[in-house]
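Working notes, structure below.
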Amino acid sequence: MMKVSGLDAFYGSSHVLFDVSLEIGDGESVALLGRNGAGKSTTLKSIMGLVGSTSGTVEWRGSGIRGLRPSVIARRGVAYVPEDRRIFPDLTVEQNLRMGRSANPKGALAVEEVLEMLPLLAPLVDRPGGVLSGGEQQALAIGRALIGRPALVLLDEPSEGLAPLIVESLGQVINDLRTQQGISMLLCEQNRDFALALTDRAYVLDGGRIVYSGTTAEIRAQSGDIDRLLGV
Ligand SMILES: Nc1ncnc2c1ncn2[C@@H]1O[C@H](COP(=O)(O)OP(=O)(O)O)[C@@H](O)[C@H]1O
Ligand SMILES: [Mg+2]
C-alpha cells in the first residue's frame, strides 16, 4: 500500500538519502533499522512531507504523495509519531489525544476507543502529559496518531530512552495494535531485537542507503552482519 522508489533527500546542500526504495503491504509491519545518523528519521519525514527537498516516488494506495503537505498526507491515512514524542506537557492526556483528531476531523475515533486500544492510558486521562513516564508518553504519542484512524503508522524509535522493562511493555502495546487492529507500521529502530519481534520484514539503512532487506527470520540469521551495520 506504500511504495517508496528511488527516494533522495537533502537538507540544504547536504545529500542525506540515496535511492531509498521500500514497500509496506496492507496490514504489514516493517522495520527500518540503522545506527544513529543512518537516515531513518529522514526517511519517515520524507514520506510524511516534512523534508523540503526530495526526489523520487512515494506512492500511497496507488497515487503519488511526494510533495504534498503533511496535513494532506495525514488526512489520507498516514500517521507519524516523531522521535521526540511532542507531548503537550500542560494539556491532559485526553486533551493531547484530541489534538490528533485534526488528522481526520470527520472520521476520527472517540477518545474511549483509543483508550480501549491503549488500556494503560485509561487511568491517566486527566493527568497532564508532562507528568507521565517516558513509556506512558510514548503510548500517548501513539494514541494521538491512532485517534485519526490511520491505515499506516510511521513510528520513529519508540523504544529510545526507555528502561528495559518499559520497552517490553511498549512492545506488547505495539504488538496488540498490529495483531488486533490490522494497522500497517513502519518502525524505525536502533534496537534490533525490539524491532524484529514486532515486524514481518526489515530494511537496514547505512549512510542513507538501503544496504540490506529481508524477512525478520533472514535478518536474525545474519545478526553478525546486521549488528556491524547497526554499530552494536
Ligand atoms: N535538519 C537537518 N539538517 C541537516 N542535517 C540533518 C538534519 N537532520 C538530520 N541531518 C543529518 O542527516 C543524516 C541522517 O539523519 P537522521 O535521518 O536523523 O538519522 P537517524 O534517524 O537514522 O539517526 C545525519 O547525517 C544527520 O546529521
Ligand atoms: Mg532518528
Side-chain angles (χ1 to χ4, degrees), residues 2 4-24 29-58 65-71 73-74 78-87 134-135 137-142 144-145 152-163 166-167 170-171 174 184-199 201-214 216 219 222-223 225-232:
M2 169 73 69
V4 175
S5 318
L7 180 68
D8 282 48
F10 304 81
Y11 294 111
S13 60
S14 162
H15 193 172
V16 170
L17 293 185
F18 303 85
D19 197 27
V20 168
S21 298
L22 56 88
E23 284 185 51
I24 306 153
S29 181
V30 175
L32 185 60
L33 302 172
R35 72 176 91 200
N36 200 20
K40 304 179 298 299
S41 297
T42 303
T43 303
L44 295 194
K45 288 177 189 167
S46 298
I47 291 172
M48 208 57 206
L50 294 163
V51 174
S53 182
T54 56
S55 65
T57 322
V58 181
I65 58 166
R66 194 183 59 79
L68 298 182
R69 274 184 291 133
S71 59
I73 294 171
V78 182
Y80 166 60
V81 181
E83 199 167 10
D84 57 10
R85 297 164 199 161
R86 287 183 221 156
I87 300 303
Q137 290 197 0
Q138 184 61 52
L140 177 53
I142 293 171
R144 197 174 49 196
L152 170 66
V153 180
L154 310 175
L155 275 172
D156 200 351
E157 298 212 42
S159 79
E160 197 190 16
L162 302 180
I166 310 294
V167 169
L170 180 70
I174 294 174
S184 305
M185 277 192 294
L186 180 60
L187 175 65
C188 284
E189 272 293 340
Q190 291 185 61
N191 184 336
R192 167 174 68 92
D193 292 338
F194 176 77
L196 293 183
L198 296 171
T199 49
R201 284 191 305 116
Y203 295 89
V204 181
L205 263 179
D206 193 43
R209 289 182 169 83
I210 301 276
V211 292
Y212 199 89
S213 74
T216 48
I219 300 256
Q222 306 264 337
S223 59
D225 291 346
I226 302 302
D227 284 350
R228 191 174 37 76
L229 289 167
L230 297 181
V232 296

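These numbers come from the heavy atoms of this one structure, side chains and all, not from hydrogens, waters or symmetry mates. Atoms within a ligand are numbered from 1 in the order they appear, just like the ligands themselves.
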Worksheet item: Looking only at atom types and distance, does a side-chain atom of Glu189 sit under 3.5 Å from a main-chain N or O of Ser159, one as donor and one as acceptor?
Response: yes

Worksheet item: With atoms numbered from 1 as shown, which atoms in ligand 1 lie under 4.0 angstrom from a non-hydrogen atom of Asn36?
Response: 23 (O)

Worksheet item: Can you find a non-hydrogen atom of Gly39 under 4.0 Å from ligand 1?
Response: yes

Discussion item. Given Ser41, Ala38, Gly37, identify the one with the heavy atom nearest to atom 18 (O) of ligand 1.
Written reply: Ser41

Worksheet item: To which protein heavy atom is atom 15 (O) of ligand 1 closest, and what is the distance rounded to 0.1 Å?
Response: Thr42 OG1, 3.8 Å

Fill in: Heavy-atom protein neighbour under 4.0 angstrom from atom 26 (C) of ligand 1
no

Fill in: Closest protein heavy atom to atom 13 (C) of ligand 1, given as residue, atom name and distance to 0.1 Å
Val16 CG1, 3.5 Å

Worksheet item: Considering only heavy atoms, which of Lys45, Lys40, Glu157 lies nearest to atom 22 (O) of ligand 1?
Response: Lys40

Fill in: Side-chain donor or acceptor of Ser21 paired with backbone N/O of Gly6 under 3.5 Å
yes

Response to the item:
Note: Arg144 and Ile87 closest approach over all heavy atoms is NH1-CA, 3.9 Å

Worksheet item: To the nearest 0.1 Å, how far is atom 9 (C) of ligand 1 from its closest protein heavy atom, and which atom is that?
Response: Tyr11 CE1, 3.4 Å

Practice prompt. May I ask you to list the protein N, O or S atoms found at less than 2.8 Å from the Mg ion (ligand 2)?
Written response: Ser41 OG

Item to complete: Mark yes or no for whether Arg66, through its side chain, and Val4, through its backbone, hold a donor-acceptor pair below 3.5 Å.
Response: no

Fill in: Side chain Tyr203, main chain Glu23, donor-acceptor under 3.5 Å
yes

Discussion item. Given 3.5 Å as the limit, does a donor-acceptor pair link the side chain of Asp8 with the main chain of Thr54, or not?
Written reply: no

Discussion item. If you compare all heavy atoms of Lys40 against all heavy atoms of Leu33, which two are closest, and at what distance to 0.1 Å?
Written reply: CD-C, 3.9 Å

Discussion item. Please determine whether any non-hydrogen atom of Glu83 lies less than 4.0 Å from an atom of ligand 1.
Written reply: no

Item to complete: Under 4.0 Å from a heavy atom of Arg35: give me the atoms of ligand 1 that qualify, with their elements.
Response: 22 (O)

Practice prompt. Would you name the heavy atoms of Leu230 and Gly34 that are closest together and state the gap between them?
Written response: CD2-N, 3.3 Å

Worksheet item: Do any N or O atoms from the side chain of Ser29 and from the backbone of Leu198 form a donor-acceptor pair under 3.5 angstrom?
Response: yes

Item to complete: Grab the two heavy atoms, one from Tyr11 and one from Thr42, that are nearest each other, plus how far apart they are.
Response: OH-OG1, 2.8 Å

Worksheet item: Does ligand 1 have any atom sitting under 4.0 Å from a heavy atom of Ser14?
Response: no

Worksheet item: So does Arg35 pair up with Asp206, basic N to acidic O under 4.0 Å?
Response: yes

